[in-house]
**Q** 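The structure is given below, and queries will be raised subsequently.
Nothing fancy with the numbering, it's 1 onward along the sequence. As the structure is a prediction and not an experimental result, all values here were calculated from the model.
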Amino acid sequence: FFQAEDGIRDKLVTGVQTCALPIYAANGVRLVSGDAAATIDVGERRVTTISGRAFGFDKLVIATGSRPLAPPVPGVGLAGVLAFRTIADLEAMCAASARGGRAVVVGGGLLGLEAANGLLASGMGVTVLHLMPTLMERQLDEAAGLVLQRMLQSRGLETLTRAHLEEIIGDERVRAVRLADGRTIDADLVVLAIGVRPNIDLARAAGLDVNRGIVVDDAMLTSDAAIHAVGECVEHRGRTFGLVGPLWDQARACAAALCGLEAAPYVAPTPFTSLKITGVHVFSAGVLGARDDADEERSEEHTLNSSH
């Protein structure tokens with residue numbers, strides 16, 4: 001995306017749309033955009049939007065997604081400080097990379113490293129700040145994380161682990177970041193990639209069961225028999241979701257339940273991730289260890305290789 005020409009970039013943006021707008025009307029779906037749901041009245045079976053419009057329902061699906069986390073430090077509201085989440089974020093990052101300069105990416109997980117690589121390939125000097133001792137610690141053990149760090153640094157990507165962000169410095173626009181140990185790093189752009197939080201406020205206000213996400217069963221049904229939920233806003237068997245893969249299966253299970261069809265219950269897949277950086281091939285499957293004494297450990301595989 002970062003290195004694509006404008007025409008190709010437009011095609012990439014179009015490619016992430018699940019369906020073209022005319023398809024909704026052709027299938028009897030009324031699309032209401034630019035007017036978010038404000039409240040759910042469970043007793044009256046009614047959703048009210050911010051503008052005051054009300055829509056009754058027999059069945060309801062909540063798909064409110066998630067929002068990016070931001071560190072609680074001064075300066076996160078400065079110009080030039082972005083999340084890596086939306087098309088608008090990508091376009092702003094592309095514009096920044098065209099001007100050159102230095103970028104700081106906060107977060108050395110999957111998304112942060114891919115963002116950092118894109119900015120590096122576009123000509124920016126890039127530093128990755130990661131709070132944990134090794135990169136991608138959710139997917140890779142310590143040895144694999146260190147190998148990955150060496151490979152990235154050999155490509156010119158500076159990575160600082162155990163790096164605690166203390167402050168983002170600037171007046172109206174970012175110009176540097178300060179770490180807890182006193183180090184200051186110049187920055188024309190700061191990208192935040194430290195995770196997401198499920199959007200559960202609407203469901204919580206409606207009285208539905210929530211924990212980290214909206215609690216759902218194997219048919220994606222919430223604590224109310226008329227309301228389902230899917231996507232990054234849900235919590236299924238104690239697990240929340242930040243990647244798109246599992247969401248398609250959630251949607252299929254939910255659609256089957258809504259249509260009264262017999263379908264296999266939703267089973268969350270074994271977690272796996274693949275780092276998309278040319279020349280650095282990383283694949284991780286499974287979990288690194290048991291969550292507690294009652295949890296059965298599952299195997300994991302780490303494959304790292306380089307074209308060098």
Side-chain angles (χ1 to χ4, degrees), residues 18 29-73 76-77 81-86 88-89 106-107 109 111 131 138 192-259 263 265-269 271 291-292 295:
T18 52
V29 177
R30 180 184 178 189
L31 175 63
V32 177
S33 59
D35 192 11
T39 62
I40 300 170
D41 188 324
V42 173
E44 295 295 328
R45 298 287 189 250
R46 182 175 62 238
V47 175
T48 303
T49 69
I50 290 175
S51 70
R53 288 187 288 182
F55 300 89
F57 66 85
D58 298 304
K59 296 287 186 179
L60 177 68
V61 178
I62 301 175
T64 46
S66 62
R67 59 185 180 274
L69 294 173
V73 299
V76 291
V81 180
L82 306 169
F84 184 33
R85 186 67 175 164
T86 67
D89 294 332
V106 182
L111 199 61
L131 182 63
R138 288 189 173 186
L192 306 176
I194 59 173
V196 297
R197 176 175 291 130
N199 287 323
I200 62 175
D201 294 346
L202 190 65
R204 179 193 283 125
L208 302 178
D209 288 350
V210 298
N211 190 24
R212 289 184 300 156
I214 304 169
V215 178
V216 295
D217 65 11
D218 294 343
M220 311 312 294
L221 187 66
T222 70
S223 56
D224 187 285
I227 303 177
H228 291 72
V230 296
E232 293 184 353
C233 63
V234 308
E235 179 178 331
H236 175 262
R237 295 183 178 267
R239 180 176 165 189
T240 56
F241 305 86
L243 298 173
V244 70
L247 310 190
W248 297 114
D249 289 336
Q250 291 179 13
R252 292 186 188 97
C254 179
L258 289 170
C259 295
Y266 174 71
V267 177
R291 289 169 293 188
D292 52 50
D295 190 22

**Q** Provide the closest heavy-atom pair for Pro198 versus Gly213 in the form atom of the first, atom of the second, distance.
**A**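 Heavy-atom minimum between the residues: CB-CA, 4.0 Å.
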**Q** Output a table of donor-acceptor pairs, distance under 3.5 Å, between side-chain atoms of residues 54-67 and any protein atom two or more places apart or on a different chain; print 'none' if there are none.
**A**
residue: Lys59; atom: NZ; partner: Ala225; partner atom: O; Å: 3.3
residue: Thr64; atom: OG1; partner: Asn199; partner atom: O; Å: 2.8
residue: Ser66; atom: OG; partner: Arg85; partner atom: NH2; Å: 2.5
residue: Ser66; atom: OG; partner: Glu232; partner atom: OE1; Å: 2.4
residue: Arg67; atom: NH1; partner: Asn199; partner atom: OD1; Å: 2.7

**Q** Of all the heavy-atom pairs spanning Val81 and Leu192, show the shortest one and how long it is.
**A** CG1-CD1, 4.0 Å
**Q** So, for Gly231 and Gln250, which heavy atoms are closest and what is the spacing to 0.1 Å?
**A**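 Result for this residue pair: N-OE1, 2.7 Å.
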**Q** Working note: Arg45 + Asp224, criterion side chain to side chain contact (heavy atoms under 4.5 Å, CB included); need CA distance, chi angles, decisive distance, verdict.
**A** CA-CA 11 Å; Arg45 298 287 189 250; Asp224 187 285; 3.3 Å; yes
**Q** If I take atom CD1 from residue Ile227 and atom CE from residue Met220, how far apart are they, to the nearest 0.5 angstrom?
**A** 14.0 Å
**Q** Kindly give the heavy-atom pair with the smallest separation between Val230 and Cys233, and that separation in Å.
**A** O-SG, 3.4 Å
**Q** What class does the angle between the rings of His236 and Phe241 fall in, given that below 30° is parallel, 30 to 60° is tilted and above 60° is perpendicular?
**A**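 Rings of His236 and Phe241: tilted, as their planes differ by 30° to 60°.
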**Q** Is any side-chain heavy atom of Glu235 less than 4.5 Å from a side-chain heavy atom of Val210?
**A**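 Result no, sub-4.5 Å side-chain heavy-atom pair not found.
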**Q** Shortest non-hydrogen contact from Ala253 to Asp218?
**A** CB-O, 4.3 Å
**Q** Go through the steps to decide whether Asp41 and Thr48 satisfy the test side chain to side chain contact (heavy atoms under 4.5 Å, CB included), and finish with yes or no.
**A** CA-CA 8 Å; Asp41 188 324; Thr48 303; over 6 Å; no
**Q** Got a donor-acceptor contact below 3.5 angstrom from the Asp35 side chain to the Ser51 backbone?
**A** yes
**Q** Nearest heavy-atom pair of Val106 and Ile194: which atoms, and what distance?
**A**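 Heavy atoms of Val106 and Ile194 come nearest at O-CG2, 3.4 Å.
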**Q** Would you give the length of the straight line joining atom CG of Leu202 to atom CD1 of Ile214, rounded to the nearest 0.5 angstrom?
**A** 7.5 Å
**Q** With rounding to the nearest 0.5 Å, note down the distance linking CD1 in Ile200 to CG in Leu208.
**A**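 Spacing of CD1 (Ile200) from CG (Leu208) equals 10.5 Å.
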